[in-house]
Amino acid sequence: MAEEVKSIQLYEDVVGPAVLNQLRQLAGNLEGLKVIHVNSTKTGGGVAEILSWMIPFMRELGIDASWEVIGGNKPFFHTTKLFHNGLQGNQVNLAPHHIQAYEETNRQNADRLRDKLEDADIVFIHDPQPAMLLQLCPNRRGKWIWRCHIDASQPFRPVWKYLRPHFESYDASIFSMAEFTRALPHPQFLVAPSIDPLSLKNVDLPQSEIENTCRQFGLDPDKPILTQVSRFDRFKDPLGVIYGYRLIKKSCQAQLVLAGGGADDDPEGAEVLREVKEAAMDDPDIHILLLPPDAHRTINALQQASDIIIQKSTREGFGLTVTEGLWKGKPVIGGHVGGIILQVINHHTGFLVNSPEGMAQRIRYLFNHREIIDSMGEKGKEFVRENFLLTRHLREYLTLMVGLRRGFADRLIAAA
Ligand code: UDP
């Protein structure tokens, strides 16, 4: 189902009028600014999720914002997945044909987008896939920012060595948390991602719809539900989740939902899904749901139906699924990594774990202390309201853009 474009005014009930006034005030400095975001997929994954609300809101605030998606063939996305895995620390085999596929696809996209990108005031390039575009737009007039959404704190050296020169030439970069920053010769900013509380993915649903969704997928209304929503990606550790679930299954009678689909720029999904199905071994209490990219309401209903949300990643840029779970008032048991640490405050909004055994222990604990499930859920929701809603995210982007604009003015004065 397509997301309708909303007015920012609707958020007043969620965050209060002062927050919206501040956004309007900041945006007053950016009227008509040409801002382009570039990434590599329109659907699937957190970046697409964020851009789908950010562009309309920037436009509503008077900024001339647009979103471009680079196209690519299989070898390109295979290569960028290697980059992704390598930046997150995996040893990967980077061969000359990978580099060639990466550079060739970036050149083709640059030919298509060059005029537009060179004319923009600010360009946000998301993740490594389109990072080479900067050097292919030599007559750019605006500021270019590399927005890194992944945990590149301990990259596999050959991958970093190849990509670093591409990143270095940016005017600034943005990371989701301080631990992810790298030594780069330009200013670095920290901006945590966020969710849209009124999107189909996050809005309150009627109980009847939640129950219907559960029925549709054959979930047992009498058994507690543990859910992990994720692309089928090894860093999300779906096999670890199944293993941890098996450890508690006998004593807790719970059912496990692993819901996910692919992203256009993630070619490994099918293989991981096959491994997950194999590991589930036809257990009727493990529900592996392969969902289309626009199944936002379905995912929302599953999250709302859950007793506990799991996100047992072994590497995670931020983990919007954690934010989504917390916003629905659910405790989250998350891997002790990356942006999950910003959101899961151990013993308050959920538990951080380092192993399937740790996950099982925490699930058992929560099932034995039902009242804590509710109190953690309440704390989690308020924590997200304070820190991880789109209004805070927009404010930080606007502030950054105002700063960059001042930079233009200073340069003009210096040149005069
Ligand atoms: N998501 C989805 N369908 C799926 C899997 C994930 O809509 O099959 C959404 C999920 O609800 C979340 C985002 O994609 O909003 C995933 O973001 P996250 O930061 O958790 O992980 P990423 O995929 O970016 O690594």
Side-chain angles (χ1 to χ4, degrees), residues 1-3 39-54 80-81 83-85 87-88 126-129 147-152 175-177 180 191-197 199-203 213 217 227-238 241 257-270 272-273 276 287-304 306 309-328 330 332 334-335 337-344 384 388-390 393:
M1 203 183 306
E3 193 84 40
N39 82 324
S40 61
T41 175
K42 196 87 192 170
T43 54
V47 181
E49 195 82 18
I50 288 166
L51 293 180
S52 56
W53 60 255
M54 187 176 275
T80 56
K81 187 70 189 188
F83 286 168
H84 178 91
N85 292 345
L87 284 175
Q88 295 212 125
H126 293 263
D127 284 337
Q129 294 91 331
R147 198 329 174 188
C148 176
H149 291 270
I150 55 187
D151 175 357
F175 294 86
S176 296
M177 57 194 293
F180 293 174
V191 179
S194 66
I195 56 162
D196 174 355
S199 68
L200 299 175
K201 178 74 62 60
N202 294 308
V203 74
T213 304
F217 290 111
T227 298
Q228 173 158 303
V229 174
S230 275
R231 290 178 295 107
F232 288 99
D233 178 309
R234 292 203 175 83
F235 286 123
K236 310 286 183 184
D237 199 18
V241 175
V257 175
L258 289 172
D264 295 345
D265 59 352
D266 180 1
E268 269 176 15
V272 177
L273 176 63
V276 168
H287 301 264
I288 300 165
L289 312 182
L290 193 59
L291 301 174
D294 60 350
H296 303 302
R297 260 189 116 95
T298 305
I299 289 177
N300 185 351
L302 291 168
Q303 288 167 329
Q304 291 194 40
S306 302
I309 298 291
I310 314 279
Q311 190 57 57
K312 214 203 90 40
S313 308
T314 55
R315 281 274 192 282
E316 190 60 77
F318 182 68
L320 283 179
T321 51
V322 173
T323 336
E324 290 160 5
L326 294 173
W327 181 246
K328 279 141 201 154
K330 311 294 174 181
V332 176
V337 291
I340 296 177
I341 295 167
L342 296 176
Q343 307 183 70
V344 174
V384 170
F388 301 120
L389 293 186
L390 53 78
H393 196 170

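It should be emphasised that the depicted structure is a prediction, and the values quoted were computed from it without experimental measurement. Atoms within each ligand, like the ligands themselves, are counted from 1 in listed order. Positions are given from 1 along the sequence.
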TODO: Run the numbers for me: atoms of ligand 1, each under 4.0 Å from some heavy atom of Thr321, listed by number.
DONE: 10 (C), 12 (C), 20 (O)

Open item on the list: For His149, which part has a heavy atom under 4.0 Å from ligand 1: side chain, backbone, both, or neither?
Closed with: neither

Task: By side chain to side chain donor-acceptor pair (under 3.5 Å) - contacts of Gln304 (at least two apart) - done: Asn300

Open item on the list: With a 4.0 Å cut-off on N to O distance, would you call Glu268 and Arg231 a salt bridge?
Closed with: no

Task: Side chain, backbone, both or neither: Gln311 near ligand 1, heavy atoms under 4.0 Å - done: neither

Task: Backbone or side-chain N or O of Ser230 under 3.5 Å from ligand 1 N or O - done: no

Task: Shortest reach to atom 6 (C) of ligand 1 by a heavy atom, considering only Asp127, Leu320, Val229 - done: Val229

TODO: Give the numbers and elements of all ligand 1 atoms closer than 4.0 Å to a heavy atom of Lys201.
DONE: 2 (C), 7 (O), 9 (C), 10 (C), 11 (O), 15 (O)

- [ ] Can you sort out which atoms of ligand 1 are near Gly261, meaning under 4.0 Å from one of its heavy atoms?
- [x] 4 (C), 8 (O)

- [ ] Show which atoms of ligand 1 fall inside a sub-4.0 Å distance from at least one heavy-atom site of Gly319.
- [x] 19 (O), 20 (O)

TODO: Would you tell me which option among Ile299, Thr323, Leu291 has the nearest heavy-atom contact to atom 3 (N) of ligand 1?
DONE: Ile299

Open item on the list: Assess whether a salt bridge exists between Asp294 and Lys201, defined as any Lys/Arg side-chain N lying under 4.0 Å from an Asp/Glu carboxylate O.
Closed with: no

Open item on the list: Using a 4.0 Å cut-off to any heavy atom of Arg231, which atoms of ligand 1 qualify?
Closed with: 5 (C), 22 (P), 23 (O), 25 (O)

Task: Under 4.0 Å to a heavy atom of Glu324 - the qualifying atoms of ligand 1, by number - done: 10 (C), 11 (O), 12 (C), 15 (O)

